[in-house]
Number of protein chains: 2
Amino acid sequence: MSSHSPEGPDGVDPADLDAARAALSRFMAQRGLKSTRQRDRIVDTFLSQEGYLNVEELLERVRRQDARISSATVYRTMKLLAECGLASARRFDDGQTRYEPQVGRHHHDHLICTACTRIIEFEDEEIEALQEQAAARHQFRVTHHKLELYGLCADCQQRGRT
Amino acid sequence: MSSHSPEGPDGVDPADLDAARAALSRFMAQRGLKSTRQRDRIVDTFLSQEGYLNVEELLERVRRQDARISSATVYRTMKLLAECGLASARRFDDGQTRYEPQVGRHHHDHLICTACTRIIEFEDEEIEALQEQAAARHQFRVTHHKLELYGLCADCQQRGRT
DNA sequence: GTAAGTGCAAACGTTTTGCAATGAA
DNA sequence: TTCATTGCAAAACGTTTGCACTTAC
């Protein structure tokens with residue numbers, strides 16, 4: 001279950017990680033894409049971490065290992081990962097795109113602390129079911145959805161932040 | 001109920017509109033802000049319309065009445081309206097901010113058709129209640145939220161679009 | 001050898017801002 | 001008279017792209 005506890009320290013299930021890398025290899029082979037030093041560094045850094053990262057943060061981490069990787073390459077690689085389903089891209093309320101590894105994960109929704117920007121994930125089957133019902137009332141067929149709850153996390157409430 | 005049917009032709013309840021303008025006056029007086037020709041045009045144009053508008057669209061409509069209004073002024077005015085609660089700002093999946101008048105309206109969520117970009121609004125008390133419960137499980141205090149269901153509207157399903 | 005990938009810098013689209021001129025109170 | 005507001009153009013922001021060079025296959 002390690003890959004399902006987004007708030008813990010890094011600890012992605014190695015089996016999930018291998019599966020992800022294999023899936024990526026297949027995807028790249030199929031499209032005639034090449035594996036490169038930069039790509040591998042970015043993918044590894046990204047996948048072995050949990051929760052959302054923006055490109056700036058990811059670039060910073062990647063550059064600790066290889067100072068000469070450019071942000072253009074990170075952007076390009078993240079697009080690739082998003083396309084093949086290994087990363088999910090999100091824009092919360094600030095203007096940036098954030099990516100989250102999608103390795104052996106269920107769909108989940110988000111609690112976003114407006115004081116410390118922490119993002120907590122949760123799942124709720126019952127809400128999902130009601131969403132389908134609400135959509136059906138409008139003859140709407142849902143393909144995907146986003147539920148974001150903004151407010152204060154426990155810590156920030158305790159510290160009296162706003 | 002006219003102000004609750006976002007898909008109909010323009011038809012905002014005049015009483016709601018007056019209330020909104022009064023609220024804005026109060027807000028501006030309190031902050032020492034001045035009323036100007038440009039501000040009034042933008043506010044009137046914006047408030048007497050329903051559904052989401054991006055700045056470009058709003059600017060276009062405003063310029064039909066006064067060709068010399070700049071986009072900077074529209075941006076500035078919309079920030080103001082968002083601050084005082086008369087407009088709600090949203091970023092859906094493209095990069096732009098859209099504003100929706102908030103005059104005598106309840107909170108509501110969105111069904112977004114990915115084929116024709118139509119936005120249908122809905123409300124669901126039961127979902128709201130479950131959201132609170134889910135948040136409470138994480139000791140999280142919700143201030144506001146977003147629920148967006150993406151997929152195909154009835155029309156686009158019928159036309160076999162994707 | 002060939003095509004894909006890289007880094008750089010320039011371009012992009014949206015939004016914000018500095019500034020001198022204008023206008024509301 | 002004073003200070004907020006305006007329009008303009010320039011800057012800022014996150015992201016994308018054209019290009020010459022490098023690298024994987």
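Predicted model only: the values in this text are computed from it and were never measured. Note on naming: letters A, B, ... go to the chains in the order of the sequence lines (proteins, then strands), and numbering restarts at 1 for each one.
Using a 4.0 Å heavy-atom criterion, one finds that Thr97(A) contacts the sugar-phosphate atoms exclusively. Across all strands, Ser35(B) comes closer than 4.0 Å only to sugar-phosphate atoms, never to a base (heavy-atom distances).
In the set dT14(C), dA9(D), dT6(D), dA9(D) carries the atom at the smallest distance from any side-chain atom of Ala72(B). Comparing dT6(C), dA25(C), dG14(D) against the side chain of Tyr75(A) picks out dG14(D) as the nearest. Counting only heavy atoms from C-beta on, Arg76(B) has its side chain closest to dC8(D) among dG7(C), dC8(D), dT16(C). When distances are taken from the side chain of Leu33(A) to each of dA4(C), dT6(C), dG14(D), the shortest belongs to dA4(C).
Put simply, NZ on Lys79(B) is 6 Å from P on dT17(C), counting in whole angstrom units. For the pair Ile69(B) CD1 and dG7(D) C1', the computed distance is 11 Å after rounding to whole Å. Counting to the nearest Å, the P atom of dG14(D) and the CG atom of Leu58(A) are 15 Å from each other. Between the C1' atom of dT6(D) and the CG atom of Asp40(B) lies a distance of 14 Å, rounded to the nearest Å. When the P atom of dC25(D) is taken as reference, atom CE of Met28(A) falls 8 Å away, rounded to whole Å. Atom pair Gln96(B):CD and dT15(D):C1' shows a separation of 15 Å (rounding to whole Å applied). Atoms CZ (Arg68(B)) and P (dA21(C)) sit 18 Å apart, rounded to a whole Å. One atom, CG of Leu59(A), and another, C1' of dT6(C), lie 14 Å apart when rounded to the nearest Å.
One N or O on the side chain of Glu57(B) and one on the backbone of Asn54(B) form a donor-acceptor pair closer than 3.5 Å.
Place Arg63(B) and Arg31(B) on DNA chain D by their nearest nucleotides, and Arg31(B) ends up nearer the 5' end. Each of Ser71(A) and Glu56(B) has a nearest nucleotide on DNA chain C; the 5'-most of these lies closest to Ser71(A).
The side chain of Thr36(B) places no N or O atom within less than 4.0 Å of a non-bridging phosphate oxygen (OP1 or OP2) of dA4(D). Look at Ser70(B) and you won't find any side-chain N or O under 4.0 angstrom from OP1 or OP2 of dT6(D). Under 4.0 angstrom from either OP1 or OP2 of dG7(D) there lies at least one side-chain N or O belonging to Gln38(B).
Under the side chain to side chain donor-acceptor pair (under 3.5 Å) rule, Thr45(B) has a single partner from Glu60(B), Gln65(B), Arg61(B), which is Gln65(B).
Side-chain contact between His110(A) and Tyr52(A) is present, with at least one heavy-atom pair separated by less than 4.5 Å. Residues Leu111(B) and Tyr150(B) fail the side-chain proximity criterion, which asks for heavy atoms closer than 4.5 Å. Side-chain contact between Gln30(A) and Met28(A): absent, with no pair of heavy atoms (C-beta onward) separated by less than 4.5 Å.
Judged by distance alone with a 3.5 Å cut-off, a donor-acceptor contact links the side chain of Lys34(A) to the base of dA24(D). The base of dG14(D) is not paired with the side chain of Arg91(A) by any donor and acceptor separated by under 3.5 Å.
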Evaluate the criterion ring pair (Phe, Tyr, Trp, His ring centres under 6.0 Å) for residue pair His107(B) and His144(B); output intermediate values, then yes/no. CA-CA 9 Å; His107(B) 167 80; His144(B) 59 289; 9.4 Å; no

